[in-house]
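Comments concern the structure below.
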2 protein chains.
Amino acid sequence: MILREIFAKNVRLARKHKGLSQEDLAFESGLDRTYISCLERCVYSPSLDAVEKLAAAFELEPYWLLMTPAEQEQSEMAEEDPA
Amino acid sequence: MILREIFAKNVRLARKHKGLSQEDLAFESGLDRTYISCLERCVYSPSLDAVEKLAAAFELEPYWLLMTPAEQEQSEMAEEDPA
DNA sequence: TTGTGACTCCAAGTCCGTG
DNA sequence: ACACGGACTTGGAGTCACA
């Protein structure tokens, strides 16, 4: 899978997970609504600046948005477990 | 630290680690020699396409290039330990 | 609420060279 | 082998109207 697609899916996933509309996310990240729409449909390959802004809006680390689901699970297992 | 800088440092590190010159890396990744120079000096914010090409040249996962040294160590500890 | 076409504008990215 | 410059083309960045 191409990196652009992985990113697109992660953005859509993270956005849904936060219960945000594209418009909400546009506001949070300071990007344009239609631009977000384009990213989620793989029209553009975003620059790292855009990746950074979205990650900040999601309160996630930028690299997380480039990980496949399998890689994300792996990295979650490495985290602290404050039972 | 801004994402662009993290990326720049990781590229330079990975390149040195592989013993490649900027010219070699340009050839391997299909990107321009001067562009690589710009990336390592934080002049540009690369698109995900460029990130992907460089990661492929390094035989690394793209997300690794966005991780801070600390995060990279964490993720390495999650890997198999074939001692 | 989102997708899409049309439209700017400028940074990304290439190619030429120099010190 | 690398930093850095100018000149150029491509495509990302950003906005609007409309289905």
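What you see below is based on every heavy atom in this structure, not just the backbone, and it leaves out hydrogens, waters and symmetry mates. Note on naming: letters A, B, ... go to the chains in the order of the sequence lines (proteins, then strands), and numbering restarts at 1 for each one.
Taking atom OH of B:Tyr44 as the reference point, atom P of D:dC4 lies 13 Å away to the nearest angstrom. Computed from coordinates, the B:Leu31 CG to D:dT10 C1' distance equals 14 Å when rounded to whole Å. Whole-Å rounding puts the A:Asp32 CG to C:dC7 P distance at 18 Å. The distance between atom CG of A:Asp49 and atom P of C:dC10, rounded to the nearest whole Å, is 16 Å. One can place CD1 of A:Ile36 at 16 Å from P of D:dG12, the figure rounded to the nearest angstrom. B:Leu48 has its CG atom 10 Å from the P atom of D:dG12, to the nearest Å. Separating the CG atom of A:Leu3 from the P atom of D:dG12 is a distance of 13 Å, rounded to the nearest angstrom.
Stem regions for DNA chain D, each three or more consecutive Watson-Crick or G-U pairs with both distances under 3.5 Å and listed by first number, read C:2-15 with D:6-19, C:17-19 with D:2-4.
B:Gly30 comes within 4.0 angstrom of sugar-phosphate atoms only, judged by non-hydrogen atoms across all strands, and of no base. Among the heavy atoms of the strands lying under 4.0 Å from A:Thr34 is at least one base atom, whether or not backbone atoms are also near.
A donor and an acceptor atom never sit less than 3.5 Å apart when one is taken from the side chain of B:Ser37 and the other from the base of D:dC4. On a pure distance criterion of 3.5 Å, a polar donor-acceptor pair joins the side chain of B:Arg33 and the base of C:dG17.
Taking a 4.0 Å limit (strictly below) on heavy-atom distances, residues 5-26 of chain A does not reach DNA chain D anywhere.
Taking side-chain N and O atoms only, A:Arg41 has no distance below 4.0 Å to OP1 or OP2 of C:dG5.
Between A:Phe27 and A:Leu20, the closest side-chain pair of non-hydrogen atoms is not below 4.5 Å. Between B:His17 and B:Arg12 the shortest side-chain heavy-atom distance does not fall below 4.5 Å.
Using modelled atom types, one side-chain atom of A:Ser45 and one backbone atom of B:Leu48 make a donor-acceptor pair closer than 3.5 Å.
Among pairs with a residue in residues 57-69 of chain A, those fulfilling salt bridge (Lys or Arg N to Asp or Glu O under 4.0 Å) read A:Lys18-A:Glu59, at least two apart in sequence or across chains.
Under the 4.5 Å side-chain heavy-atom criterion for Ile, Leu, Val, Met, Phe, Trp and Tyr, B:Tyr44 and B:Leu66 are members of the same hydrophobic cluster. Linking Ile, Leu, Val, Met, Phe, Trp and Tyr whenever their side-chain heavy atoms come within less than 4.5 Å puts A:Leu60 and B:Phe7 in one cluster.
Under 4.0 Å is where a charged nitrogen must lie from a carboxylate oxygen, and between A:Glu28 and A:Lys53 no such pair does. Salt bridge present: A:Arg15 and A:Glu40 bring a charged side-chain N and a carboxylate O closer than 4.0 Å.
B:Ala8 approaches B:Leu39 most closely through the heavy-atom pair CB-O, 3.3 Å.
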